[in-house]
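Heads up: the structure comes next, in structure tokens.
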Amino acid sequence: MEMTAHLHKYSLDEEQEKKIILREYRSLLRALKSKLKPASKKMIRAAFKMAAEAHRTMRRKSGEPYILHPLAVSKICAEEIGLGVRSTICALLHDTVEDTDITLEDVKREFGEEIAKLVGGLTKISNVIDVNASKQAENFKKILLTLTDDPRVILIKLADRLHNMRTLDFMKKENQLKIASEAIYIYAPLANRMGLYNLKTEMEDLAMKYLEPEAFKEIVRKLNDTKRERTKYINEFIKPIKEQLEKTDLDFEIYGRPKHIHSIWKKMKKKGVSFEEVYDLFAIRIILNSAPEKEKEDCWKVYSLITDQYSPSTERLRDWLSNSKSNGYEALHTTVMGPQGKWVEVQIRTKRMNDIAEKGLAAHWKYKSDGTENAREENRFENWFQQIRDVIANHDTDSVDFLHDFKTSFLSEEIYVYTPKGDVKMLPVGSTALDFAFAIHSAVGTKTIGAKLNNKLVPLSHPLRSGDQLEIITSNKQKPSEDWLNFVVTSKARGRIRDALKEEKRKISEDGKYSVQKKLEGIGAVFQSNNIDELVNFYKQSSPLDLYYQVAVKNIDLKELKSFKIQGDRIEAPKPVKIKESINEPIPHTFSKKDSELIIFGESSDKIVYNLANCCKPIPGDAVFGFVTTGKGLTIHRTNCPNAAKLMANFSHRVVKTKWAKNKEISFLSGLKIVGLDDVGVVHKITNLISGEMKINMAAITIEAKDGLFEGDIKIFVNDKEELDTLTLRLKELEGIESVERYVTELAPN
Ligand code: MN
């Protein structure tokens, strides 16, 4: 725990300070007690002496002796993260190499290679957040490299950060904001991913205190105001469960705990509700002391006992017993209807699971050495590290992208998706069918044309949910396209798609290179680097490769070459001419205006880069036209699209006739607006027709009733216009339905 002395500027004499330092040192030894053998006690003492001596003249911003900081960090490592003696030694020394005369050589001489390496890792990690985004990303990459080298480095770093945040009051305002932002941006998600739940939530709460001081104070106040009432309710809720539990032979603990300030606030923002409307301000936790082989059985026994008492919400059962979260979290969560019609979350776990929930990675090591840990848990982290190492090794795009990719791929919550054979893949939340395809194998990903989700066809961009079972459909003619990057979230998919696009561009450029050579020779010049450079500059390209590519896709026709001067075998450009704006961005090669009639979809058209316009969301069967856009290939609009007239009038040269090929393999998201008489059975009637009778896959349905009428929004996946028309007709035939209208979700800005 923090000393209250932190809150006041120091005005103590040397003797008193010495006493405080010794007291903290002894309390560190107590925290390590069970792990202390005589030899290790000697090492800790040596590290403490070395650090205390090195920091002797230094003070923290609060005015207190600096050594209290490494002591506090060590204690967090020992007590809250559960690290052992060697890590504690490193924590004691963590600021010495950076801030004092002590060198890594000194550390190595005194404590050996392993500890010197860890301290070195800690020294290398400087601030993550930097005004310069790419430098920030570089720093972060460095952190990840040390992390995967030895995870203890990051655990000690997290302890260091936590202590700095606990003592943030003494920092300057701008430093407070910087450190708090770093915590929210990277350290808290990292702590979460390492399974350090308590550390994560404390960091979030502390960060919020500085980043959103008003909201923070308000929630603290309201939590205090409602405390009595809440405690009373919790006791009322617990009483009958406790009575039932006491009749069993289970060894248990049961209590209610308030949710964290930051998570309450996040919920208020996400749902747009007030503090009073957040229903789960607290959760009930039941911790069992079970024998290893009875853990699962006991948890389910308790579940059954609770749901005999209170009725559960079927949608809110979370079984992390059978499949733990990727950070190792195991538990059974259920939400039940408590007294006074209030929903209450109940978390059931064993003591071992609770340790892991609180101490994450380090607890895994502990159980491993006790011999009760299974190989799966260790593999989970090892796999995670390996994936990170792969991504770092294969990453050649710029660092800012990397940071973003990393956050979405490795630090977000995860979902489980199954292959048809039942193999499970773990993916970050927000992953799509295409991410899943790449998770199976890169060679599968690049050839994916669609997917079957629980036996229904879905597009590549279909977002996945935990428990989905997915079959990937591939075609040898498929190739990754630029727009794929818009709907993948995993680093792996993103990286492989970029590689494939680059490779494709390189291949296409070969043709252009040949044309450039012919044209140069045609005017009596030589194909050599100074002449190429002259052309690259003249056409404002950034490299010969870009020039060849633009020539290959006919954005540059080299006809200006005629006006070049030739001197010997060298060419010289005339004064530069203005290039039409539209060719600065590449128009995909696969489109050529000669094709007056394009067939979209189907094998013959795999080469065409297209996308469906957001302003009118066409589906096969609609009357459509194609519009050539710079950079994104062909966009397909409906002819009655609100933007159509304008596009055709102003850019007729970029409009191409287009029609659909027959295709039943891919489904398209479309929307229907239904208005009718409000009636209890209406949702059932509609969903029964759509999913039951017509077997159409529904993406979303919202029904709003008002004054005896209801208005429903339905999003469905259809194969073509015919299917949509049939559905519209059938819906209109239902009793009480007034109108059914196809609708377009959003209008594109003009
Ligand atoms: Mn430090």
Side-chain angles (χ1 to χ4, degrees), residues 1-3 5-6 10 20-21 24-25 27-28 31 44 47-81 83 86-104 106-107 111 115-130 139-140 142-143 146-147 150-172 175-183 185-188 190-191 194 196 199 202-203 206-207 210:
M1 269 292 103
E2 266 308 88
M3 295 185 301
H6 278 149
Y10 259 65
I20 292 171
I21 294 170
E24 287 305 299
Y25 173 64
S27 121
L28 169 66
I44 298 258
F48 169 61
K49 271 183 79 177
M50 187 187 234
E53 181 60 27
H55 292 299
R56 189 183 26 142
T57 56
M58 295 166 66
R59 304 238 152 208
R60 299 203 84 207
K61 286 272 178 337
S62 58
E64 64 183 15
Y66 194 88
I67 186 66
L68 289 175
H69 165 66
L71 274 171
V73 174
S74 310
K75 213 169 122 191
I76 294 172
C77 286
E79 218 164 46
E80 297 177 51
I81 305 182
L83 288 169
R86 268 160 305 178
S87 304
T88 311
I89 290 170
C90 296
L92 281 168
L93 296 170
H94 82 270
D95 277 334
T96 53
V97 174
E98 186 138 331
D99 300 338
T100 75
D101 293 337
I102 289 178
T103 63
L104 277 182
D106 299 333
V107 176
F111 300 99
I115 283 169
K117 219 178 136 201
L118 283 166
V119 173
L122 285 161
T123 308
K124 270 187 281 173
I125 301 175
S126 47
N127 291 330
V128 189
I129 302 257
D130 199 286
N139 283 337
F140 182 60
K142 240 189 277 169
I143 290 189
T146 38
L147 156 76
D150 190 329
R152 282 176 295 180
V153 172
I154 209 76
L155 295 175
I156 299 166
K157 189 69 195 170
L158 286 170
D160 182 26
R161 275 294 156 140
L162 181 63
H163 184 249
N164 283 336
M165 293 194 68
R166 283 176 181 171
T167 51
L168 218 50
D169 273 347
F170 299 101
M171 294 285 225
K172 274 193 234 138
N175 282 338
Q176 288 177 345
L177 297 180
K178 187 166 161 281
I179 290 174
S181 310
E182 283 182 3
Y185 189 73
I186 205 76
Y187 287 107
L190 210 46
M194 308 291 280
L196 295 159
L199 209 144
E202 187 181 346
M203 268 193 176
L206 284 168
Y210 295 96

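We count ligands from 1, going down the list as the structure has it; atoms in each ligand are counted the same way. Every heavy atom of this structure was used, including side-chain atoms; hydrogens, water molecules and symmetry mates were not. Note that the coordinates shown come from a computational prediction; the quantities given were computed from them, not determined experimentally.
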message: Whether the Asp99 and His55 side chains hold a donor-acceptor pair (N or O, under 3.5 Å, no angle test) is what I'd like checked.
response: no
message: Quiz question: by atom type and distance under 3.5 Å, do the side chains of Asp169 and Tyr210 form a donor-acceptor pair?
response: yes
- request: Would you mind reporting whether Arg60 and Leu68 have side-chain heavy atoms less than 4.5 Å apart?
  value: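 Answer no - side chains too far apart.
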message: So Met50 and Asp106, do their side chains get closer than 4.5 Å, heavy atoms only?
response: yes
- prompt: Charged N to carboxylate O under 4.0 angstrom, Arg161 versus Glu182?
  reply: yes
Positive for side-chain contact (heavy atoms from CB on, under 4.5 Å) with Leu206, one of Asn164, Leu162, Leu168, Ile179: Leu162
- line: Excluding waters, which are neither shown nor counted, protein N/O/S atoms under 2.8 Å from the Mn ion (ligand 1) come to 4
